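The block underneath contains the structure these notes are about, expressed in structure tokens.
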Amino acid sequence: MPSRGIRILKFVNARDNRSCSSKLFSHSINIKIPTETWQNLKQLRALDFSHSALTQVPDSIRELKLLRYLSLFQTRINTIPESISDLYNLRVLDARTDSLREIPRGIQKLVNLRHLNLDLWSPLCMPRGIGALKGLQTLPRFSIGSEGWHCNVTELHHLVNIHGELCITGLRRVTNVNDAQTANLVSKNHLQILRLDWSDGVCPNNCSHPSSSNDVATPEQEEEIFESLRPHKNIEELEVINYSGYRYPSWFGASTFMDLAKIILCQHSCKFLPPLGELPRLRILSMEYMTGVEHVGQEFRGSITTRAFPALEELEFKEILKWVEWSQIGQDDFPSLRLLKIKENHELRYLPHTLSSSLTKLVIKDCSKLASLPAIPNLTALVLKGKINEQLLNDLHFPCLRSLKVLLSRSIEHILLDSRNHPLLEVLVISVCPCLHSIMGLSNLGSLKFLNINRCPYLQLPSDKPLSPHLQRLTITKCPLLAHWLEIQNSRLQCQLDGSKDAWYEEQQALYELNDASEDEQREEFGLLSEDENGEEDDEQDHEQSEDQETHYGNNDSSEDE
């Protein structure tokens, strides 16, 4: 039996939970502690259930009147008992678990609570009364519901001490612009990250609480609500999700937001992108699933007369469903841009004639109607994925290009590599191109150091043409028609291929720099990619007769490291 003086108690599984296997978590637990045991724990200050398979917090926890810290991090609980409201001295409640469905209404009594840590993506219902916790400094998640039992956006008014991150979900339930103004986001000067989510959450149908209204805002109301949710000028990151309004608020993109460094826009209905070119420190900008945008032009730059987007380093356009053209870029715009991703824009036809000379990496995925790329004088890395126009690939002209990756493409049958267009190419990766038959000009790439070809079952290469004299490593995987070619190249190159660890690490670094870090690429990397999503059969089943092992040349003693 624990002594009366114990201050900290942590429940652990049979083994160290940080190193245990996933099987250990297959058995849920319901901790039942006798009342007399709680009597001996009255001096307890910290109680940690984190990483356990806990499914229910004991109702008798109310006996721990002096408890200041309670962690339910990564447990399996879906509700917290009302008895927690008796823990008057509680300062920290860590309830970051994706199974949590609701917070008890009695939590409003915990006026000494300073940190309420919640999972960002759990289907969480939040009760009225949160606004009474005026001392809260940590509240990453604020869920708005349909009146009645649920929290109202006005309860944010007094929560002026919130630091760090705040995600407001369920904004579509706000239909009164006065309520949005009362939330008083502009006063929260300690906030660094703000997420505004108009959706109803992950699983809104799981809510069992009665509501007095099921009204949702119209697009016009959403515009007014968004206008009233202006954050403090100290904000550093802003994310806006599921916005159905037709225009953006007047403050969006204002140069007064001197510290705003990252913006993510996802699933919007506006016909035009917001004017963000004046933000002086914006470094990362991502726009995804914009359903109304057809043209990107001057409105994106804003009214700035000098160079737009002065600090932007990373820019992504993804699933801009109706997007046809991007134009009207100033000569001095994007002076800091180094990474541009244009992905799954199936109607895109035209890009600007030139892009910033600072741009060094470009990723194009599933843009089948795009026939040419802009002039990018200092581009060093290019990744082409999915449905790509073959003309685009064969007309590349980037004199500084050092790395090229063609991945997951069923639309490419022939690749033409002209050494005059990219004389410095050192890294070439061709991966999962099941329709590829030929690569012309490969032997003319005099600077090529690393060649990696993976899962191109119909690819054939001429055996009478030697590869670059600078080639250090050659990796071929699941390309059955290249067996004879490999034998000939191996006999030619065995003296020059470098099997040192330094060469292996250099190759890995080059491949890492080409990695887009997207889910499909990670699955491909581990050989798990199914082509079913493209309407085709799985390549692994189509070509069972191909060799399973990778053939590395120039890889003597580093395979174990890999």
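In this text, all values refer to a predicted model and were calculated from it rather than measured experimentally.
- Inter-residue side-chain proximity for Phe272 and Gln298 is flagged as unmet; no heavy-atom pair is nearer than 4.5 Å.
- Among pairs with a residue in residues 336-370, none fulfils ring pair (Phe, Tyr, Trp, His ring centres under 6.0 Å), at least two apart in sequence or across chains.
- The pair Glu299-Arg301 fails the salt-bridge criterion, with no side-chain N (NZ, NE, NH1 or NH2) lying under 4.0 Å from an Asp/Glu carboxylate O.
- Closest approach of Gly277 and Ile304 over heavy atoms only: O-CD1, 3.9 Å.
- Crowding of Arg68 atom CZ: a count of heavy atoms from other residues, nucleotides or ligands under 6.0 Å not exceeding 12.
- For residues 216-235, every residue pair satisfying the ring pair (Phe, Tyr, Trp, His ring centres under 6.0 Å) rule, not counting sequence neighbours, is listed here: Trp198-Phe226, Phe226-Tyr243, Phe226-Trp251, Phe226-Phe252.
- Shown here are the side-chain contact (heavy atoms from CB on, under 4.5 Å) partners of Ser409, two or more places apart in sequence or in another chain: Ser411, Ile412, Cys433.
- Within a 6.0 Å sphere centred on NZ of Lys109, heavy atoms belonging to other residues, nucleotides or ligands number 12 at most.
- The nearest pair of heavy atoms linking Pro377 to Pro399 is O-CG, 4.5 Å.
- Thr291 contributes a side-chain N or O that, together with a main-chain N or O of His268, makes up a donor-acceptor pair within less than 3.5 Å.
- Between Glu294 and Lys322, none of the side-chain N atoms (NZ, or NE/NH1/NH2) sits under 4.0 Å from a carboxylate O, so this pair counts as no salt bridge.
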Exercise. Going through the checks in order, is the side-chain contact (heavy atoms from CB on, under 4.5 Å) test met by Asn161 and Lys134?
Worked result: CA-CA 7 Å; Asn161 295 310; Lys134 298 179 182 180; 5.7 Å; no
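- In this structure, the side chain of Thr380 engages the main chain of Thr360 through a donor-acceptor pair within 3.5 Å.
- Side chains of Ser143 and Thr169: a donor on one and an acceptor on the other come within 3.5 Å.
- Residues Gly129 and Gln108 share a closest heavy-atom pair of O-CB, 3.3 Å.
- Counting all heavy atoms, side chain and backbone alike, Pro140 lies closest to Asn117 at CG-OD1, 3.4 Å.
- In terms of heavy atoms, Val383 sits closest to Lys361 at CG2-CE, 4.4 Å.
- For the pair Asp119 and Arg141, the salt-bridge criterion is not met [side-chain N within less than 4.0 Å of a carboxylate O].
- Distance alone, capped at 3.5 Å, places no donor-acceptor pair between the Asp259 side chain and the Glu236 backbone.
- Leu67 is not listed as a side-chain neighbour of Asn89, based on a closest heavy-atom distance of 4.5 Å or more.
- In this pair, Phe300 and Trp326 present their aromatic rings perpendicular. The plane angle is above 60°, beyond the 30 to 60° band.
- Side chains of Ser303 and Glu278 form a contact here, defined as non-hydrogen atoms less than 4.5 Å apart.
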